[in-house]
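Notes follow once the structure below has been shown.
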2 protein chains.
Amino acid sequence: MAPDEIKRISLAVIRRLPKYHKCLGELLQKNVERISSQELGRILGFTASQVRQDLNNFGEFGQQGYGYNVKQLYNEIAKILGLNTEHKMVIVGAGKLGQALAGYTDFERHGFKIMALFDIDPKIVGSKVRDIPVYDMKDIIYFVNENEIDIAVIAVPRERAQEVVDILSKTLIKGIWNFAPVEVKAGSNIIIENVHLLDSLFTLSYRMNESKWMERLARKDGKKR
Amino acid sequence: MAPDEIKRISLAVIRRLPKYHKCLGELLQKNVERISSQELGRILGFTASQVRQDLNNFGEFGQQGYGYNVKQLYNEIAKILGLNTEHKMVIVGAGKLGQALAGYTDFERHGFKIMALFDIDPKIVGSKVRDIPVYDMKDIIYFVNENEIDIAVIAVPRERAQEVVDILSKTLIKGIWNFAPVEVKAGSNIIIENVHLLDSLFTLSYRMNESKWMERLARKDGKKR
DNA sequence: TAGATTGTTAATCGATTAACAATC
DNA sequence: TAGATTGTTAATCGATTAACAATC
């Protein structure tokens with residue numbers, strides 16, 4: 001009598017979910033009604049097998065001989081991604097990055113509403129970014145709990161990031177989206193997603209140089225083998 | 001006589017390189033002279049085996065009985081990542097995001113110098129963002145070629161992204177760092193690195209909801225097996 | 001030399017792909 | 001019904017981990 005064993009979904013699968021979601025959204029726009037794993041895979045560059053395996057991690061959404069109903073599948077994936085309920089966010093740090101993020105209307109379109117920014121700089125506390133108020137950092141705990149904020153966006157300099165997370169740990173926040181270039185830590189009740197821009201830039205830089213490396217390695221291997 | 005076969009480095013390895021780089025940089029700061037794969041792995045959460053396998057993709061940087069020289073390894077990885085030469089960048093799109101990125105001094109610290117921003121809005125063309133000039137989009141081809149720009153950052157709305165890439169394809173640009181939420185396409189001579197912020201946010205949202213799903217699946221599995 | 005730790009080969013693990021019976 | 005396409009099991013592939021001889 002094995003107790004409900006939790007088969008964890010691999011990160012690779014999870015990272016593909018937004019791709020499915022986006023693709024299905026576009027198909028929906030084009031009034032496509034049904035789609036096969038074959039065709040969906042073709043568009044996204046996945047194999048039909050992978051599409052079916054991925055989706056079957058979450059349920060049986062298709063129908064033999066028919067394929068998947070685009071609208072239904074879109075909704076199911078939205079549900080899986082938690083996009084069926086509204087999320088309330090705050091942005092901590094109202095510098096350039098914080099303001100840029102606050103200016104992004106895409107988030108709101110998908111149900112992520114930015115309720116406030118927080119900063120310590122008295123020069124900007126009290127101002128607004130596109131209707132969104134900038135409050136004093138000292139009020140953040142109260143605000144987050146009172147307004148049932150789900151997600152905090154960390155847009156402060158690397159030195160302040162961990163201390164902000166520690167403050168947030170005292171609230172009912174459930175997720176942290178971290179833009180500071182440090183690996184921040186919090187209790188297991190808070191989910192952290194890191195956006196490491198420098199890592200991404202370095203990866204680009206690596207790939208721009210790759211051919212040089214490959215040559216060197218080819219020579220080296222030639223000697224050895 | 002197999003011709004120099006190119007053993008491609010997997011993306012998983014490449015994405016770990018910036019982590020090694022950062023960690024070694026911090027060790028260097030602390031004047032640590034040597035480190036074993038064991039200890040390096042412990043800090044980063046990798047196995048010693050993985051550390052050695054990763055590094056041996058690029059060369060033999062260690063020494064039996066000693067480990068790795070921190071400074072030397074740091075420099076080698078910097079070289080692999082292409083951080084030993086300066087890169088010149090332009091940012092296309094001088095809206096909030098473009099300005100935020102232009103304000104990030106971290107890039108410059110690692111040798112990525114932002115030379116100019118480009119926009120079509122006459123209201124901001126001619127202005128400056130922290131000493132960096134904003135030029136008219138029509139001059140971008142000339143500017144990129146004349147100043148030997150390596151990398152273009154795409155910070156325009158999704159609708160303009162592909163058209164900007166098409167323009168850049170006529171230049172000598174080598175890499176594109178794309179912040180627009182679309183999969184842009186270019187010739188194989190240009191490397192593209194996508195930063196899909198929405199995907200990252202959706203992944204966070206998924207993981208915040210995961211426990212709910214796991215329960216449902218556990219029940220479902222209970223029935224089936 | 002003895003101890004430590006690498007580079008590298010072999011074993012394991014997990015994720016992707018292929019195959020196919022089930023079924024719409 | 002016949003054709004299509006799923007859900008799922010089996011095979012393959014690739015990446016991670018373990019083991020160990022080489023060697024500093």
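What you see below is based on every heavy atom in this structure, not just the backbone, and it leaves out hydrogens, waters and symmetry mates. What you see is a predicted model, and the numbers here were worked out from it, not measured in a lab. Here is the naming used below: chain letters follow the sequence lines, and residue numbers restart at 1 for every chain.
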Problem - For atom CD of Glu76(B) and atom C1' of dT6(C), their distance in whole Å - result: 16 Å
Practice task
Kindly write out the residues that satisfy side-chain hydrogen bond (donor to acceptor under 3.5 Å, both in side chains) with Ser36(B), not counting sequence neighbours, or none if the list is empty.
Solution key: none
Fill in the blank from the handout: Sorted by number, residues from residues 22-37 of chain A placing a heavy atom under 4.0 Å from DNA chain D are Arg34(A), Ser36(A), Ser37(A)
Exercise for the section: Return the value, rounded to whole Å, for the distance between atom CZ of Arg8(B) and atom P of dA15(D). Expected result: 12 Å
Handout entry: Distance, rounded to the nearest Å, where Asn56(A) contributes CG and dT9(D) contributes P
Key = 10 Å
Exercise for the section: Using whole Å, report how far CG of Asp54(A) lies from P of dT6(D). Expected result: 13 Å
Practice task
Starting at atom CG of Leu11(A), determine the distance to atom P of dA15(D), rounded to an integer number of angstrom.
Solution key: 16 Å
Completion exercise
Rounded to whole Å, CZ of Phe61(B) lies from C1' of dT5(C) at a distance of 17 Å
Exercise for the section: Scan nucleotides 18-24 of chain D nucleotide by nucleotide, 5' to 3', and note B when protein non-hydrogen atoms come under 4.0 Å of the base, S if they reach only the sugar-phosphate, - if neither. Expected result: BBB-BBB
Exercise for the section: Kindly write out the residues that satisfy side-chain contact (heavy atoms from CB on, under 4.5 Å) with Ile167(A), not counting sequence neighbours, or none if the list is empty. Expected result: Met137(A), Ile140(A), Ile141(A)
Exercise for the section: Any pair with a residue in residues 164-179 of chain B that passes salt bridge (Lys or Arg N to Asp or Glu O under 4.0 Å), sequence neighbours left out, goes on the list, sorted by first then second residue, please. Expected result: Asp150(B)-Lys174(B)
Handout entry: Heavy-atom side-chain proximity of Lys113(A) to Met89(A) below 4.5 angstrom
Key = no
Problem - Partner residues of Lys96(A) under the salt bridge (charged side-chain N to carboxylate O under 4.0 Å, His left out) criterion, sequence neighbours left out - result: none
Practice task
Go through the structure and list residues passing side-chain contact (heavy atoms from CB on, under 4.5 Å) with Arg158(A), not counting sequence neighbours.
Solution key: Pro181(A), Val182(A), Asp106(B), Arg109(B)
Practice task
Apply salt bridge (charged side-chain N to carboxylate O under 4.0 Å, His left out) to Glu39(B) and list each qualifying residue two or more places apart in sequence or on a separate chain.
Solution key: Arg42(B)
Problem - Identified stems (criterion: three or more consecutive Watson-Crick or G-U pairs, under 3.5 Å), DNA chain D - result: C:3-24 with D:3-24
Handout entry: For Lys88(A), side-chain contact (heavy atoms from CB on, under 4.5 Å) partners two or more places apart
Key = Met115(A), Ile149(A)
Practice task
Write down the distance between CD (Gln38(B)) and P (dG3(C)), rounded to a whole number of angstrom.
Solution key: 18 Å
Practice task
Check whether any side-chain N or O of Arg16(B) sits under 4.0 Å from OP1 or OP2 of dA15(D), and answer yes or no.
Solution key: no
Practice task
Indicate whether any N or O donor in one side chain lies under 3.5 Å from an N or O acceptor in the other, for Glu193(B) and Ser200(A).
Solution key: yes
Exercise for the section: Not counting sequence neighbours, which residues clear salt bridge (charged side-chain N to carboxylate O under 4.0 Å, His left out) with Arg160(B)? List them please. Expected result: Glu163(B)
Problem - ring-ring contact (aromatic ring centres under 6.0 Å, His included): pairs with one or both residues in residues 148-175 of chain B, sequence neighbours excluded - result: none
Problem - Nucleotide of dT6(C), dG7(D), dT16(D) approaching Tyr68(B) most closely (side-chain heavy atoms) - result: dT6(C)
Fill in the blank from the handout: Gln50(B) atom CD is separated from dT8(C) atom C1', nearest whole Å, by 16 Å
